[in-house]
Amino acid sequence: MKTPIHIAVTGAAGQISYSLLFRLSAGLLLGPDQPIVLHLLEITPAMGVLEGVVMELNDCASPLLQRVIMTDDPRIAFKNVDYAFLIGARPRGPGMERKDLLQVNAEIFAVQGRALNEVASRSVKVLVTGNPANTNTLIAIKNAPDLKPENFSSMSRLDHNRALSYLAEKCGVHTPDIINMSIWGNHSATQYPDLNHAKVKGQSALSLLDADWVIDDFIPKIQQRGAEVINARGQSSAASAANAAIDQMKSWTLGTEAGDWVSMGILSAGDYGIDTDLVYSFPVSVTTDRVDVVQGLAISEFSLERMRLTEQELKEERDAVRHLL
Ligand code: NAD
Ligand code: LMR
């Protein structure tokens with residue numbers, strides 16, 4: 001029997017976690033022979049609901065789930081964890097932008113960054129989903145000076161998956177037929193879903209598409225997909241977010257396919273001229289435990305303008321939370 005891996009999930013009684021936890025206990029992150037211990041963090045008033053979720057987890061009789069720790073204390077939740085899914089944060093409702101959540105959610109990531117810094121495994125992988133995810137990640141990084149920025153990423157994978165799915169539908173193919181999709185910038189309405197490098201069954205995606213469709217349909221569709229889901233469901237995306245969180249952690253752990261890449265929000269080191277000290281989504285390739293921004297991509301004037309626009313929004317978000325950095 002392998003040694004159990006410890007996984008923390010915050011906001012464990014919320015709707016994303018309600019999809020995520022059962023996938024984790026079914027082995028969808030680490031495989032069917034890897035036992036896990038779940039560390040579930042909630043705020044005190046939600047502990048009763050969390051107990052109900054844990055009853056259901058237990059009732060799955062998962063052979064992989066060795067133990068569940070329930071707590072409202074981040075230092076217990078993050079003690080020696082190998083993975084941390086930071087999901088707990090308020091979601092937006094109809095008519096809001098994700099950055100409207102900054103003031104209510106930012107403090108959570110300062111507190112949790114400090115707790116991770118104190119007690120998590122030094123090789124912990126921390127994936128921030130709670131919105132606005134990029135800037136919350138920056139806050140966590142700045143509050144965890146004894147961990148490396150490489151321990152943290154923000155979730156771009158939902159946008160990446162949305163872009164794959166929408167392009168596949170347009171081209172009448174399946175998502176595995178598409179490689180080299182890129183999401184640049186913020187997980188927000190300014191993000192830049194970029195088809196310039198994407199290939200569909202080995203052919204340049206742009207050679208198969210009208211430029212008007214790309215500019216007037218594809219880009220705004222992906223930028224606004226979160227709002228579209230909220231308007232239809234009355235609540236923000238949950239199952240697709242949990243799925244994306246597992247996808248991103250899996251790519252981060254197992255690496256990307258040769259010739260392909262994924263999108264991840266990481267602390268900018270200045271690649272493509274993006275300001276350092278922003279958590280910005282880049283196309284990245286991952287080899288065991290190393291995340292590298294894909295180098296040498298040709299960037300058109302149009303792309304550069306979009307990349308700068310989303311960078312500017314991230315700078316404004318950073319300015320709004322200076323006191324926590
Ligand atoms: P939810 O309201 O259903 O659940 C959030 C949970 O977090 C609640 O149970 C709440 O009690 C808990 N919580 C609040 N503060 C906490 C704290 N300090 N510590 C621990 N738990 C805390 O919301 P949800 O639908 O699960 O969404 C969670 C977050 O994820 C939201 O901010 C949402 O906007 C975001 N989100 C991001 C993406 C993405 O792609 N990055 C996708 C979907 C949702
Ligand atoms: C999403 O993209 O679905 C999430 O960020 C939730 C939201 O507020 O749109």
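Note that the structure is a prediction, hence the values are computed from the model and not measured.
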Below 4.0 angstrom, N of the basic side chain to O of the carboxylate: do Lys250 and Asp247 qualify?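 So Lys250 does not pair with Asp247 through a salt bridge.
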Less than 4.0 angstrom from a charged side-chain N to a carboxylate O is my criterion; do Arg92 and Asp100 meet it?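 No, this pair does not count.
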Heavy atoms from other residues, nucleotides or ligands near [atom1] of [X] exceed 12 (cutoff 6.0 Å):
{"X": "Glu301", "atom1": "CD", "result": "no"}
{"X": "Lys201", "atom1": "NZ", "result": "no"}
{"X": "Lys315", "atom1": "NZ", "result": "yes"}

Using modelled atom types and a 3.5 Å cut-off, is there a donor and acceptor pairing between side-chain atoms of [X] and backbone atoms of [Y]?
{"X": "Tyr18", "Y": "Ala238", "value": "no"}
{"X": "Trp261", "Y": "Met181", "value": "yes"}
{"X": "Glu42", "Y": "Ala13", "value": "yes"}
{"X": "Asn58", "Y": "Met55", "value": "no"}
{"X": "Thr256", "Y": "Val286", "value": "yes"}
{"X": "Gln248", "Y": "Ser154", "value": "yes"}
{"X": "Asn231", "Y": "Glu228", "value": "no"}
{"X": "Asp73", "Y": "Arg75", "value": "yes"}

Check the orientation of Tyr166 and Trp213. Use parallel for under 30°, tilted for 30 to 60°, and perpendicular for over 60°.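 Parallel, since the angle between the ring planes stays under 30°.
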Reported CG-to-CD1 distance for the pair Asp210 and Ile215, which is rounded to 0.5 angstrom: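 Result: 10.5 Å between the selected atoms.
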Just checking, any donor-acceptor pair under 3.5 angstrom between side chains of [X] and [Y]?
{"X": "Tyr280", "Y": "Asp275", "value": "no"}
{"X": "Ser156", "Y": "Ser281", "value": "yes"}
{"X": "Ser303", "Y": "Asn196", "value": "yes"}

Would Arg114 and Asn143 satisfy side chain to side chain donor-acceptor pair (under 3.5 Å), going step by step from the backbone distance to the final call? CA-CA 5 Å; Arg114 289 196 287 275; Asn143 283 276; 3.2 Å; yes
Would you say Ile246 and Val37 are hydrophobically clustered, going by side-chain heavy atoms of ILVMFWY under 4.5 Å?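 No, because Ile246 and Val37 fall into different hydrophobic clusters, even though each may have its own neighbours under 4.5 Å.
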